[in-house]
Amino acid sequence: MTSQAPAGWGKPDLDLSGAHWRSSSRGAGDVQIAFVEGFIAMRNSERPDSPPLIFAPDEWRKFVLDARGGEFDLT
């Protein structure tokens with residue numbers, strides 16, 4: 001699978017066909033990530049053929065810190 005980022009987003013067109021997708025260490029949730037060519041790809045494990053989100057390392061770091069800090073808590 002090759003990711004298809006919209007034009008102008010500054011994201012590479014990564015070849016994800018050989019990506020090693022990882023799930024949560026707790027086995028909960030539907031998110032999987034893969035480290036490919038210095039970027040982080042994130043996808044929904046229930047829809048693996050849908051386009052993944054692609055993060056640069058600095059974006060991923062900010063996302064993880066915000067998530068740990070409750071930024072995306074919907075409860």
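Basis for what follows: all heavy atoms, side chains included, without hydrogens, waters or symmetry-related copies.
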Q: Just do the side chain to side chain contact (heavy atoms under 4.5 Å, CB included) check on Leu14 and Ile54 with the steps written out, would you?
A: CA-CA 9 Å; Leu14 299 175; Ile54 306 297; 3.9 Å; yes

Q: What pairs meet the salt bridge (charged side-chain N to carboxylate O under 4.0 Å, His left out) rule with one or both residues in residues 65-75, with sequence neighbours excluded?
A: Lys62-Asp66

Q: How would you list, by chain and number, every residue that makes a side-chain contact (heavy atoms from CB on, under 4.5 Å) with Ala19, sequence neighbours excluded?
A: Leu16, Trp21, Ala34, Val36

Q: In chain order, what residues pass the ring-ring contact (aromatic ring centres under 6.0 Å, His included) check against Phe63, with sequence neighbours excluded?
A: Phe55, Trp60, Phe72

Q: Does the side chain of Pro48 come within less than 4.5 Å of Arg43's, by heavy atoms?
A: yes

Q: Provide the closest heavy-atom pair for Asp30 versus Glu46 in the form atom of the first, atom of the second, distance.
A: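 So the minimum-distance heavy-atom pair works out to OD1-OE2, 3.2 Å.
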
Q: Under the 3.5 angstrom rule, does the side chain of Ser45 hit a backbone N or O of Val31 as a donor-acceptor pair?
A: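 It does not hold such a pair.
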
Q: Verify side chain to side chain contact (heavy atoms under 4.5 Å, CB included) between His20 and Phe35, making sure each step is shown before the conclusion.
A: CA-CA 8 Å; His20 174 71; Phe35 298 93; over 6 Å; no

Q: What I'd like to find out is whether the side chain of Pro52 reaches to under 4.5 Å of the side chain of Met42, using heavy atoms alone.
A: no

